[in-house]
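Data first, discussion second: the structure below is written as C-alpha coordinates.
Just so it is clear: chains get the letters A, B, ... in the order the sequence lines come, proteins before strands, and each one is counted from 1. What you see below is based on every heavy atom in this structure, not just the backbone, and it leaves out hydrogens, waters and symmetry mates.
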Amino acid sequence: MWRDAALVGGKDLRVEWHSRVAAMQVAPYAVVVLLLFGFAFDQDHALLTQAAPGLFWVAVLLSSLLAVQRSYAIESSDGARDGLRLTGLDPAGIFLGKAAAVAAQLLLLEVLLGFGVVVLFGTRLHDPALLVVSALAATVGLAAAGTVYGMVASGLRVRETLLPMLILPVVAPVLLGATQCWMAALGSARTDGWKWLSLLAAFGAIYTALGVVSFSTLVEET
Amino acid sequence: MDQVIRFRSAVALAGRFPVLAGIDVDVALGDVVLVRGANGAGKTSLLRACAGLLRVVAGEATVLGCDLVADQRAVRRRVGLLGHQTGLYEEMTPAENLRFALRAARRPPAAAGPALEILGITGRLATTPVGSLSAGQGRRVAIASLVSRDPELWLLDEPHAGLDPDHRDVLDRLIEGAAARGRTVVMASHETERVAPLARRTVTLSGGAVDASAEGARGGTVAVAATDAVVTGVA
(Lines give C-alpha, C1' and ligand atoms only; values in the text may rest on other atoms or scores of the structure.)
Protein backbone atom coordinates (compact mmCIF):
# COMPACT_ATOMS: atom_id res chain seq x y z
CA MET A 1 0.00 0.00 0.00
CA TRP A 2 2.72 2.48 0.93
CA ARG A 3 4.77 1.72 -2.15
CA ASP A 4 1.71 2.20 -4.32
CA ALA A 5 0.97 5.45 -2.50
CA ALA A 6 4.48 6.73 -3.18
CA LEU A 7 4.17 5.76 -6.83
CA VAL A 8 0.81 7.51 -7.31
CA GLY A 9 1.80 10.56 -5.29
CA GLY A 10 5.00 10.87 -7.28
CA LYS A 11 3.07 10.55 -10.51
CA ASP A 12 0.59 13.28 -9.53
CA LEU A 13 3.37 15.62 -8.48
CA ARG A 14 5.28 14.89 -11.70
CA VAL A 15 2.17 15.74 -13.73
CA GLU A 16 1.80 18.93 -11.73
CA TRP A 17 5.46 19.77 -12.27
CA HIS A 18 4.97 19.49 -16.02
CA SER A 19 1.65 21.33 -16.17
CA ARG A 20 2.29 24.02 -13.54
CA VAL A 21 -1.44 24.32 -12.85
CA ALA A 22 -0.92 24.80 -9.10
CA ALA A 23 1.75 27.42 -9.66
CA MET A 24 0.05 29.27 -12.51
CA GLN A 25 -3.61 29.01 -11.48
CA VAL A 26 -4.25 27.80 -7.95
CA ALA A 27 -1.67 29.98 -6.21
CA PRO A 28 -2.63 33.18 -8.04
CA TYR A 29 -6.28 32.41 -7.30
CA ALA A 30 -5.52 32.11 -3.59
CA VAL A 31 -3.50 35.31 -3.58
CA VAL A 32 -6.31 37.18 -5.33
CA VAL A 33 -8.82 35.88 -2.78
CA LEU A 34 -6.61 37.10 0.03
CA LEU A 35 -6.13 40.48 -1.63
CA LEU A 36 -9.87 40.89 -2.08
CA PHE A 37 -10.39 40.20 1.59
CA GLY A 38 -7.76 42.81 2.33
CA PHE A 39 -9.54 45.37 0.16
CA ALA A 40 -12.89 44.54 1.78
CA PHE A 41 -11.55 45.18 5.29
CA ASP A 42 -9.12 47.90 4.35
CA GLN A 43 -10.95 50.60 6.36
CA ASP A 44 -10.68 48.67 9.61
CA HIS A 45 -7.16 47.37 9.99
CA ALA A 46 -7.75 46.08 13.49
CA LEU A 47 -10.64 43.94 12.25
CA LEU A 48 -8.51 42.76 9.35
CA THR A 49 -5.75 41.62 11.66
CA GLN A 50 -8.24 39.82 13.88
CA ALA A 51 -9.95 38.16 10.93
CA ALA A 52 -6.71 37.24 9.17
CA PRO A 53 -6.63 33.60 10.34
CA GLY A 54 -10.17 32.96 9.14
CA LEU A 55 -9.56 34.72 5.85
CA PHE A 56 -6.37 32.71 5.36
CA TRP A 57 -8.13 29.40 5.85
CA VAL A 58 -11.06 30.38 3.63
CA ALA A 59 -8.52 31.10 0.88
CA VAL A 60 -6.83 27.74 1.48
CA LEU A 61 -10.20 25.99 1.53
CA LEU A 62 -11.28 27.48 -1.78
CA SER A 63 -7.91 26.67 -3.29
CA SER A 64 -8.14 23.10 -2.09
CA LEU A 65 -11.23 22.67 -4.26
CA LEU A 66 -9.16 23.55 -7.31
CA ALA A 67 -6.36 21.25 -6.23
CA VAL A 68 -8.73 18.32 -5.74
CA GLN A 69 -10.50 18.95 -9.03
CA ARG A 70 -7.14 19.05 -10.75
CA SER A 71 -6.11 15.80 -9.04
CA TYR A 72 -9.01 14.01 -10.72
CA ALA A 73 -8.94 15.94 -13.98
CA ILE A 74 -5.60 14.35 -14.83
CA GLU A 75 -7.22 10.92 -14.50
CA SER A 76 -10.01 11.80 -16.91
CA SER A 77 -7.75 12.47 -19.87
CA ASP A 78 -7.84 9.82 -22.61
CA GLY A 79 -8.90 6.93 -20.41
CA ALA A 80 -6.19 7.43 -17.80
CA ARG A 81 -8.60 6.42 -15.06
CA ASP A 82 -9.12 3.00 -16.65
CA GLY A 83 -5.37 2.81 -17.07
CA LEU A 84 -4.93 3.46 -13.36
CA ARG A 85 -7.52 0.80 -12.49
CA LEU A 86 -5.74 -1.67 -14.75
CA THR A 87 -2.43 -1.20 -12.96
CA GLY A 88 -3.82 -3.26 -10.11
CA LEU A 89 -2.48 -0.77 -7.59
CA ASP A 90 -3.96 -0.98 -4.12
CA PRO A 91 -6.90 1.46 -4.03
CA ALA A 92 -5.92 2.48 -0.51
CA GLY A 93 -2.48 3.29 -1.87
CA ILE A 94 -4.01 5.31 -4.69
CA PHE A 95 -6.03 7.28 -2.13
CA LEU A 96 -3.03 7.96 0.09
CA GLY A 97 -0.89 8.92 -2.89
CA LYS A 98 -3.41 11.35 -4.34
CA ALA A 99 -4.17 12.84 -0.92
CA ALA A 100 -0.47 13.25 -0.23
CA ALA A 101 0.06 15.02 -3.54
CA VAL A 102 -2.85 17.39 -2.82
CA ALA A 103 -1.49 17.99 0.69
CA ALA A 104 1.99 18.77 -0.63
CA GLN A 105 0.59 21.37 -3.00
CA LEU A 106 -1.58 22.89 -0.27
CA LEU A 107 1.38 23.13 2.11
CA LEU A 108 3.41 25.05 -0.45
CA LEU A 109 0.42 27.29 -1.02
CA GLU A 110 0.06 27.88 2.71
CA VAL A 111 3.68 28.96 2.99
CA LEU A 112 3.08 31.47 0.20
CA LEU A 113 -0.17 32.73 1.70
CA GLY A 114 1.35 32.82 5.16
CA PHE A 115 3.88 35.35 3.96
CA GLY A 116 1.02 37.24 2.40
CA VAL A 117 -0.91 37.33 5.65
CA VAL A 118 2.11 38.63 7.54
CA VAL A 119 2.98 41.25 4.93
CA LEU A 120 -0.53 42.39 3.93
CA PHE A 121 -2.39 42.03 7.19
CA GLY A 122 0.38 42.93 9.59
CA THR A 123 -0.01 39.90 11.82
CA ARG A 124 2.56 38.80 14.39
CA LEU A 125 3.64 35.34 15.39
CA HIS A 126 3.16 34.31 19.03
CA ASP A 127 3.24 30.51 18.88
CA PRO A 128 5.01 29.24 15.76
CA ALA A 129 4.82 25.61 16.84
CA LEU A 130 1.03 25.76 17.10
CA LEU A 131 0.88 27.54 13.75
CA VAL A 132 2.88 24.86 11.97
CA VAL A 133 1.34 21.82 13.65
CA SER A 134 -2.21 23.04 13.17
CA ALA A 135 -1.48 23.86 9.53
CA LEU A 136 -0.19 20.34 8.99
CA ALA A 137 -3.20 18.76 10.71
CA ALA A 138 -5.68 20.94 8.82
CA THR A 139 -3.97 20.21 5.53
CA VAL A 140 -4.15 16.47 6.12
CA GLY A 141 -7.87 16.78 6.85
CA LEU A 142 -8.56 18.93 3.80
CA ALA A 143 -6.56 16.68 1.50
CA ALA A 144 -8.11 13.48 2.82
CA ALA A 145 -11.70 14.71 2.75
CA GLY A 146 -11.16 16.37 -0.61
CA THR A 147 -9.73 13.21 -2.11
CA VAL A 148 -12.63 11.10 -0.85
CA TYR A 149 -15.33 13.42 -2.13
CA GLY A 150 -13.36 14.19 -5.25
CA MET A 151 -13.60 10.53 -6.19
CA VAL A 152 -17.34 10.57 -5.48
CA ALA A 153 -17.82 13.55 -7.78
CA SER A 154 -15.32 12.55 -10.45
CA GLY A 155 -17.57 10.06 -12.18
CA LEU A 156 -20.41 12.54 -12.60
CA ARG A 157 -20.97 15.06 -15.33
CA VAL A 158 -21.72 17.81 -12.84
CA ARG A 159 -18.54 17.20 -10.87
CA GLU A 160 -17.29 20.80 -11.10
CA THR A 161 -20.34 22.17 -9.27
CA LEU A 162 -21.03 19.12 -7.14
CA LEU A 163 -17.60 18.96 -5.57
CA PRO A 164 -17.86 22.27 -3.65
CA MET A 165 -21.32 21.29 -2.44
CA LEU A 166 -19.95 18.00 -1.12
CA ILE A 167 -16.74 19.25 0.43
CA LEU A 168 -17.49 22.66 1.89
CA PRO A 169 -20.05 21.58 4.48
CA VAL A 170 -17.92 18.61 5.47
CA VAL A 171 -14.73 20.57 6.09
CA ALA A 172 -16.41 23.21 8.26
CA PRO A 173 -14.76 21.64 11.35
CA VAL A 174 -11.37 22.13 9.68
CA LEU A 175 -12.12 25.77 9.01
CA LEU A 176 -13.29 26.28 12.57
CA GLY A 177 -10.45 24.43 14.24
CA ALA A 178 -7.70 25.83 12.03
CA THR A 179 -8.97 29.37 12.47
CA GLN A 180 -9.04 29.04 16.25
CA CYS A 181 -5.56 27.54 16.29
CA TRP A 182 -4.17 30.31 14.15
CA MET A 183 -5.93 33.01 16.13
CA ALA A 184 -4.19 31.67 19.20
CA ALA A 185 -0.88 31.30 17.37
CA LEU A 186 -1.06 34.87 16.05
CA GLY A 187 -2.21 36.26 19.38
CA SER A 188 -5.43 37.69 18.00
CA ALA A 189 -7.61 35.75 20.42
CA ARG A 190 -7.25 34.46 23.97
CA THR A 191 -8.08 30.88 23.25
CA ASP A 192 -6.24 27.65 23.90
CA GLY A 193 -5.30 26.72 20.36
CA TRP A 194 -3.85 23.37 21.35
CA LYS A 195 -7.31 22.19 22.42
CA TRP A 196 -8.64 22.96 18.96
CA LEU A 197 -5.77 21.00 17.50
CA SER A 198 -7.39 17.80 18.72
CA LEU A 199 -10.42 18.56 16.53
CA LEU A 200 -8.17 18.92 13.50
CA ALA A 201 -6.29 15.75 14.32
CA ALA A 202 -9.49 13.77 14.77
CA PHE A 203 -10.94 15.05 11.52
CA GLY A 204 -7.79 14.19 9.61
CA ALA A 205 -7.60 10.74 11.14
CA ILE A 206 -11.25 9.97 10.45
CA TYR A 207 -11.14 10.99 6.81
CA THR A 208 -7.82 9.31 6.20
CA ALA A 209 -9.21 6.09 7.61
CA LEU A 210 -12.43 6.53 5.65
CA GLY A 211 -10.47 6.99 2.45
CA VAL A 212 -8.28 3.96 3.04
CA VAL A 213 -11.28 1.75 3.76
CA SER A 214 -13.70 3.05 1.15
CA PHE A 215 -11.55 3.96 -1.84
CA SER A 216 -11.73 0.49 -3.36
CA THR A 217 -15.50 0.75 -3.56
CA LEU A 218 -15.43 4.36 -4.70
CA VAL A 219 -13.02 3.60 -7.55
CA GLU A 220 -15.19 0.79 -8.86
CA GLU A 221 -18.62 2.28 -8.30
CA THR A 222 -18.13 5.89 -9.44
CA MET B 1 -3.74 -23.71 -16.59
CA ASP B 2 -4.98 -24.60 -20.09
CA GLN B 3 -8.00 -22.35 -20.20
CA VAL B 4 -7.33 -18.65 -19.97
CA ILE B 5 -10.87 -17.36 -20.46
CA ARG B 6 -14.05 -19.16 -19.53
CA PHE B 7 -17.39 -17.40 -19.64
CA ARG B 8 -20.62 -19.23 -19.09
CA SER B 9 -23.90 -17.37 -19.42
CA ALA B 10 -22.03 -14.28 -18.35
CA VAL B 11 -24.00 -11.07 -18.03
CA ALA B 12 -22.49 -7.61 -17.72
CA LEU B 13 -24.42 -4.38 -17.44
CA ALA B 14 -23.77 -0.83 -18.54
CA GLY B 15 -26.26 0.93 -16.34
CA ARG B 16 -29.30 -1.26 -16.82
CA PHE B 17 -28.43 -2.41 -20.34
CA PRO B 18 -26.96 -5.90 -20.76
CA VAL B 19 -23.87 -5.32 -22.87
CA LEU B 20 -22.99 -8.98 -22.38
CA ALA B 21 -26.17 -11.00 -22.47
CA GLY B 22 -25.40 -14.52 -21.37
CA ILE B 23 -22.20 -15.04 -23.31
CA ASP B 24 -20.34 -18.33 -23.50
CA VAL B 25 -16.69 -18.08 -24.52
CA ASP B 26 -13.65 -20.28 -24.07
CA VAL B 27 -10.11 -19.22 -24.90
CA ALA B 28 -7.26 -21.62 -24.42
CA LEU B 29 -3.74 -20.83 -23.32
CA GLY B 30 -1.69 -19.50 -26.21
CA ASP B 31 -4.70 -19.01 -28.44
CA VAL B 32 -5.05 -16.03 -30.76
CA VAL B 33 -8.70 -15.13 -31.16
CA LEU B 34 -10.36 -12.58 -33.40
CA VAL B 35 -13.61 -11.21 -32.02
CA ARG B 36 -15.75 -9.55 -34.60
CA GLY B 37 -19.26 -8.22 -34.88
CA ALA B 38 -21.30 -5.18 -35.73
CA ASN B 39 -21.12 -1.95 -33.76
CA GLY B 40 -22.68 -2.53 -30.37
CA ALA B 41 -22.34 -6.30 -30.55
CA GLY B 42 -20.34 -6.42 -27.33
CA LYS B 43 -16.75 -6.75 -28.55
CA THR B 44 -15.35 -3.96 -26.41
CA SER B 45 -17.51 -5.01 -23.49
CA LEU B 46 -16.12 -8.53 -23.70
CA LEU B 47 -12.55 -7.28 -23.64
CA ARG B 48 -13.26 -4.90 -20.76
CA ALA B 49 -14.96 -7.66 -18.82
CA CYS B 50 -11.91 -9.91 -19.34
CA ALA B 51 -9.72 -7.09 -18.05
CA GLY B 52 -11.84 -6.73 -14.95
CA LEU B 53 -13.03 -3.25 -15.87
CA LEU B 54 -16.66 -4.24 -16.54
CA ARG B 55 -18.39 -6.10 -13.77
CA VAL B 56 -19.92 -9.47 -14.58
CA VAL B 57 -23.10 -9.60 -12.53
CA ALA B 58 -24.37 -13.06 -13.40
CA GLY B 59 -23.10 -16.32 -14.74
CA GLU B 60 -19.54 -17.53 -14.63
CA ALA B 61 -16.49 -15.56 -15.69
CA THR B 62 -12.98 -16.80 -15.06
CA VAL B 63 -9.86 -15.23 -16.54
CA LEU B 64 -6.41 -16.63 -15.77
CA GLY B 65 -7.95 -18.58 -12.93
CA CYS B 66 -9.47 -15.46 -11.35
CA ASP B 67 -13.19 -15.43 -10.67
CA LEU B 68 -14.28 -12.06 -12.01
CA VAL B 69 -17.70 -12.31 -10.40
CA ALA B 70 -16.13 -12.57 -6.96
CA ASP B 71 -13.28 -10.11 -7.48
CA GLN B 72 -12.90 -8.22 -10.73
CA ARG B 73 -9.66 -6.57 -9.56
CA ALA B 74 -7.61 -9.73 -9.09
CA VAL B 75 -6.83 -10.27 -12.76
CA ARG B 76 -5.88 -6.72 -13.75
CA ARG B 77 -2.14 -6.89 -13.23
CA ARG B 78 -1.93 -10.00 -15.38
CA VAL B 79 -3.70 -8.64 -18.44
CA GLY B 80 -2.96 -5.85 -20.86
CA LEU B 81 -5.78 -3.95 -22.52
CA LEU B 82 -5.24 -1.79 -25.58
CA GLY B 83 -8.51 0.11 -25.70
CA HIS B 84 -9.95 2.89 -27.80
CA GLN B 85 -8.25 5.42 -25.53
CA THR B 86 -4.56 5.37 -24.73
CA GLY B 87 -4.88 5.34 -20.94
CA LEU B 88 -1.83 7.60 -20.76
CA TYR B 89 -1.18 10.81 -18.84
CA GLU B 90 -0.96 13.63 -21.35
CA GLU B 91 1.35 15.81 -19.28
CA MET B 92 3.97 13.07 -18.94
CA THR B 93 6.35 11.91 -21.62
CA PRO B 94 6.10 8.43 -23.16
CA ALA B 95 9.08 7.27 -21.13
CA GLU B 96 7.55 8.57 -17.90
CA ASN B 97 4.22 6.95 -18.69
CA LEU B 98 5.83 3.58 -19.36
CA ARG B 99 8.03 3.71 -16.27
CA PHE B 100 4.97 4.45 -14.14
CA ALA B 101 3.06 1.54 -15.67
CA LEU B 102 6.01 -0.81 -15.25
CA ARG B 103 6.58 0.14 -11.62
CA ALA B 104 2.88 -0.33 -10.97
CA ALA B 105 3.11 -3.78 -12.56
CA ARG B 106 6.17 -4.57 -10.43
CA ARG B 107 8.28 -4.81 -13.59
CA PRO B 108 11.73 -3.30 -14.21
CA PRO B 109 11.38 0.28 -15.50
CA ALA B 110 14.29 -0.38 -17.84
CA ALA B 111 11.91 -2.30 -20.13
CA ALA B 112 10.42 1.02 -21.23
CA GLY B 113 13.29 1.99 -23.53
CA PRO B 114 13.35 -1.10 -25.74
CA ALA B 115 9.56 -1.13 -26.07
CA LEU B 116 9.48 2.51 -27.15
CA GLU B 117 12.27 1.84 -29.61
CA ILE B 118 10.35 -1.00 -31.23
CA LEU B 119 7.40 1.33 -31.80
CA GLY B 120 9.63 4.11 -33.11
CA ILE B 121 9.09 6.42 -30.12
CA THR B 122 12.66 7.63 -29.82
CA GLY B 123 14.62 10.84 -29.66
CA ARG B 124 12.40 13.91 -29.44
CA LEU B 125 9.22 11.85 -29.39
CA ALA B 126 10.25 10.03 -26.23
CA THR B 127 10.68 13.31 -24.34
CA THR B 128 7.59 15.09 -25.66
CA PRO B 129 4.48 15.09 -23.50
CA VAL B 130 1.99 12.55 -24.76
CA GLY B 131 -0.63 15.25 -25.17
CA SER B 132 1.55 16.91 -27.81
CA LEU B 133 1.92 13.77 -29.90
CA SER B 134 -0.29 12.86 -32.82
CA ALA B 135 -3.09 10.34 -32.33
CA GLY B 136 -1.09 7.66 -34.11
CA GLN B 137 2.02 8.37 -32.08
CA GLY B 138 -0.03 8.21 -28.89
CA ARG B 139 -1.42 4.89 -30.03
CA ARG B 140 2.12 3.60 -30.53
CA VAL B 141 3.03 4.68 -27.00
CA ALA B 142 0.02 2.79 -25.66
CA ILE B 143 1.11 -0.31 -27.58
CA ALA B 144 4.65 0.12 -26.24
CA SER B 145 3.23 0.24 -22.72
CA LEU B 146 1.49 -3.08 -23.24
CA VAL B 147 4.51 -4.64 -24.95
CA SER B 148 6.86 -3.54 -22.16
CA ARG B 149 4.68 -5.21 -19.54
CA ASP B 150 4.24 -8.36 -21.68
CA PRO B 151 1.22 -9.60 -19.73
CA GLU B 152 -0.11 -13.14 -19.87
CA LEU B 153 -3.27 -12.07 -21.70
CA TRP B 154 -3.29 -9.43 -24.42
CA LEU B 155 -6.66 -7.78 -25.04
CA LEU B 156 -6.55 -5.64 -28.15
CA ASP B 157 -9.49 -3.48 -29.22
CA GLU B 158 -9.14 -2.29 -32.82
CA PRO B 159 -5.36 -2.55 -32.45
CA HIS B 160 -4.47 -1.21 -35.90
CA ALA B 161 -6.62 1.90 -35.62
CA GLY B 162 -4.63 5.08 -36.25
CA LEU B 163 -1.41 3.32 -37.21
CA ASP B 164 0.49 3.93 -40.42
CA PRO B 165 1.29 0.93 -42.65
CA ASP B 166 4.81 0.44 -41.27
CA HIS B 167 3.64 0.30 -37.69
CA ARG B 168 0.75 -1.94 -38.58
CA ASP B 169 3.36 -4.43 -39.73
CA VAL B 170 5.30 -3.89 -36.51
CA LEU B 171 2.17 -4.60 -34.50
CA ASP B 172 1.48 -7.75 -36.48
CA ARG B 173 4.97 -9.01 -35.69
CA LEU B 174 4.51 -8.16 -32.01
CA ILE B 175 1.28 -10.13 -31.90
CA GLU B 176 2.89 -13.09 -33.60
CA GLY B 177 5.82 -12.84 -31.22
CA ALA B 178 3.52 -12.80 -28.22
CA ALA B 179 1.72 -15.89 -29.45
CA ALA B 180 5.04 -17.62 -30.04
CA ARG B 181 6.00 -16.90 -26.43
CA GLY B 182 2.82 -18.54 -25.22
CA ARG B 183 0.85 -15.40 -24.54
CA THR B 184 -2.86 -15.48 -25.18
CA VAL B 185 -4.20 -12.79 -27.50
CA VAL B 186 -7.80 -11.71 -27.99
CA MET B 187 -8.40 -9.06 -30.61
CA ALA B 188 -11.56 -7.19 -31.49
CA SER B 189 -11.43 -5.71 -34.95
CA HIS B 190 -13.47 -4.68 -37.95
CA GLU B 191 -10.39 -5.09 -40.13
CA THR B 192 -10.88 -8.79 -40.62
CA GLU B 193 -8.68 -9.00 -43.71
CA ARG B 194 -5.79 -7.64 -41.68
CA VAL B 195 -6.34 -9.47 -38.43
CA ALA B 196 -7.81 -12.80 -39.50
CA PRO B 197 -4.48 -14.22 -40.78
CA LEU B 198 -3.03 -13.61 -37.31
CA ALA B 199 -5.87 -15.42 -35.56
CA ARG B 200 -6.28 -19.11 -35.00
CA ARG B 201 -9.96 -18.73 -34.24
CA THR B 202 -12.74 -16.30 -34.94
CA VAL B 203 -15.69 -15.55 -32.68
CA THR B 204 -18.59 -13.47 -33.90
CA LEU B 205 -20.70 -11.54 -31.41
CA SER B 206 -24.20 -10.25 -31.80
CA GLY B 207 -26.42 -8.67 -29.19
CA GLY B 208 -23.92 -9.24 -26.41
CA ALA B 209 -23.52 -12.94 -27.05
CA VAL B 210 -21.66 -15.29 -29.38
CA ASP B 211 -23.48 -15.67 -32.67
CA ALA B 212 -21.20 -18.15 -34.39
CA SER B 213 -17.67 -19.36 -34.10
CA ALA B 214 -15.28 -20.25 -36.86
CA GLU B 215 -11.85 -21.67 -37.06
CA GLY B 216 -9.49 -19.40 -38.98
CA ALA B 217 -6.48 -20.91 -40.67
CA ARG B 218 -3.36 -18.93 -39.86
CA GLY B 219 -1.83 -17.27 -42.84
CA GLY B 220 -4.84 -17.95 -44.97
CA THR B 221 -8.28 -16.61 -45.66
CA VAL B 222 -10.71 -17.05 -42.85
CA ALA B 223 -13.60 -19.32 -43.76
CA VAL B 224 -16.56 -18.63 -41.55
CA ALA B 225 -18.22 -21.88 -40.67
CA ALA B 226 -20.14 -23.40 -37.85
CA THR B 227 -18.00 -25.47 -35.53
CA ASP B 228 -18.53 -27.45 -32.39
CA ALA B 229 -18.15 -24.20 -30.51
CA VAL B 230 -21.40 -22.79 -31.87
CA VAL B 231 -23.37 -21.27 -29.05
CA THR B 232 -26.51 -19.28 -28.80
CA GLY B 233 -27.03 -16.18 -26.79
CA VAL B 234 -30.01 -14.58 -25.16
CA ALA B 235 -30.41 -11.06 -26.50
- prompt: Looking at side-chain heavy atoms only, is the closest gap between Phe100(B) and Leu84(A) below 4.5 Å?
  reply: yes
- request: Check whether Ala51(B) gets within reach of chain A through its side chain, its backbone, both or neither, counting any heavy atom under 4.5 Å.
  value: both
Contact origin within Asp4(A) toward chain B - heavy atom pairs under 4.5 Å: side chain
task: Report, as yes or no, whether the 6.0 Å neighbourhood of atom CD on Glu60(B) holds more than 12 heavy atoms from other residues, nucleotides or ligands.
output: yes
Toward chain B, the part of Arg85(A) with a non-hydrogen atom under 4.5 Å: both
message: Whether Asp82(A) and Arg76(B) form a salt bridge (side-chain N of Lys/Arg under 4.0 Å from carboxylate O of Asp/Glu) is what I want to check.
response: no
- prompt: Non-hydrogen atoms of chain A under 4.5 Å away: do they reach the side chain of Arg99(B), the backbone, both or neither?
  reply: neither
query: Which distance, rounded to the nearest 0.5 Å, do you find between the CD of Glu90(B) and the OG of Ser77(A)?
result: 4.5 Å
field: Partner chain B: residue of Gly83(A), Ala80(A), Gly10(A) with the largest heavy-atom pair count (under 4.5 Å)
entry: Ala80(A)
query: Hey, is CZ on Arg181(B) packed in by over 12 heavy atoms from elsewhere, all under 6.0 Å?
result: yes
message: So Arg106(B) and Arg3(A), do their side chains get closer than 4.5 Å, heavy atoms only?
response: yes
query: Can you check whether Leu86(A)'s main-chain N or O pairs, donor with acceptor, with Arg77(B)'s side chain at less than 3.5 Å?
result: no
query: Tell me, side chain or backbone of Leu53(B) under 4.5 Å from chain A's heavy atoms, or both, or neither?
result: both
- line: So CZ of Arg14(A) and CD of Glu96(B): to nearest 0.5 Å the spacing works out to 5.5 Å
- request: Measure Arg73(B) against the heavy atoms of chain A and call it side chain, backbone, both or neither at under 4.5 Å.
  value: side chain
task: Sort Glu16(A) into side chain, backbone, both or neither according to what part of it lies under 4.5 angstrom from a heavy atom of chain B.
output: neither
